[in-house]
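Notes follow the structure.
Just so it is clear, the values below take in all heavy atoms, side chains as well, and ignore hydrogens, waters and symmetry mates. Convention: sequence-line order gives letters A, B, ...; per-chain numbering from 1.
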Amino acid sequence: MGARILVLLAVVVVVAAIAAAHRVRRGRLRAVGGSAPAERGTPGLEFLGVPSDRPGLVLVTLPGCATCPAARRVVAEAADALAVWTREVDASAQQEAARALHVLRAPTVLVVGAGHRLLARATGVPVARELRDALAGSPVAA
Amino acid sequence: MAIDVRGPRFSAALTFVVLCAAYLLQLVPLLALQVAVFAVGALAGLRWSPYGNLFRWLKRRLDLGPPPATEPEGGPRFSQLMGLLVAGSGLIAVLAGIPAVGWGLVLVVVGLSGLLAVTGLCVGCEVHALGARLLRGRRSVGGREVGEVAP
C-alpha cells in the first residue's frame, strides 16, 4: 500500500508538471520567422484578402470552441486600442485558409504586419499586453 | 451532437478517483467497472455514458446553469475509446497474471484523466483532432474539427 501511494504521488507530480508547462505556454505570443523576406507575403493571408498596407490581427475560430469568445474580446480590445484591422476566420468554413496559415487549433491569433508579413502567433486566449506590444513593433519573445 | 464542456471534465475527475481507488486497494472489480463505463461511452455514445448522465442529473439538482460552452462529441468520445483500449488492456493484463503491466496501463489512464480534470487538456481529443486533420489531408472530408482547445 505504501509503495502504491508513492507511485500514485509520482504520477500526480508528473501530471502537475505537464499541466503547469501547458498553462505557461497557452495564449503566449511567439514571434514568427523573423528572417523571412518581407516582400514575399503569406499565401493564406492573400487568400483571405486582408489589408496588406497596414498591420492587423487575424483570429481563427471554430463554432462551439470554448475559449473563442474570450479570445475574440481580447483581440477586439487590442485592435480598438491601436486602431488596426481585425478579421475573424471560421476554420470550419474556410479550411483552405486555416491550412495555409498552419492553424492547428482554435482559437489562434495571428499578428500581421504590413505587406502580409506574419509577425507573431498565439494559440489560446492571447495576452492583451503582448498583442499590443507586437502590433506596436516591440520585440516578441521567441 | 454538441455537449457541455464541463461534462468530460467531471467524468475525468470521477474516472481519476475510481481508478486511483482501484489501484490503491487493488480492486479488480472496480477496474472492470471503469472499463465498462469507458465501453458504454465509446461504443454507444456519450448520451449513454453513466458518468455523463450523473453529471446531467447533478446539473439539474444543483442548478449549475447553462453550459459555458459546448463542443462536438467526437473528441471526448474518442477519448473514451482510448480509455477503453488502455484500461481494458490493463484489466486483461491483471487478469492474465501480469499485474505490473496491467496497473502500469491503469496509471497511464489515471494521469490522462487527472490532466483533463485539472486543466481541461484532453489528450484523446488532441489525438482525435490530429487524426481528423491527417484524414482530411488524404480525402477531403468536410468537417468542423480542426481541434478545439478546451477551457
Cluster check B:Leu91, B:Leu81: I/L/V/M/F/W/Y, side chain < 4.5 angstrom:
yes
### Message
Taking B:Leu30 as the starting point, is it possible to reach B:Leu95 by hopping between hydrophobic residues whose side chains are less than 4.5 Å apart?
### Response
yes
Exercise. Is there a path from A:Leu9 to B:Val106 through hydrophobic residues (I, L, V, M, F, W, Y) whose side chains come within less than 4.5 Å of each other?
Worked result: yes
request  = Dump the intermediate steps for side chain to side chain contact (heavy atoms under 4.5 Å, CB included) on B:Leu112 and A:Val15, then the final yes or no.
outcome  = CA-CA 8 Å; B:Leu112 294 178; A:Val15 166; over 6 Å; no
If one checks every heavy atom of A:Val12 against chain B at 4.5 Å, the contacting part turns out to be side chain
When every non-hydrogen atom of A:His22 is compared with those of B:Leu121, the smallest separation belongs to NE2-CD1, 3.5 Å
- List the steps and the verdict of side chain to side chain contact (heavy atoms under 4.5 Å, CB included) for B:Gln26 and A:Met1. CA-CA 9 Å; B:Gln26 300 283 291; A:Met1 184 75 176; over 6 Å; no
Item to complete: Count the heavy atoms of every other residue, nucleotide or ligand shown that sit under 6.0 Å from CH2 of B:Trp48, and state whether that count exceeds 12.
Response: no
Under a 4.5 Å side-chain heavy-atom rule over Ile, Leu, Val, Met, Phe, Trp and Tyr, are B:Val40 and B:Val35 clustered together? no
| message | Are B:Tyr23 and A:Val7 packed together at the side-chain level, in the sense that at least one heavy-atom pair is separated by less than 4.5 angstrom? | response | yes
Distance col, row A:Leu8:CG vs B:Phe16:CZ, nearest 0.5 angstrom, shows 6.0 Å
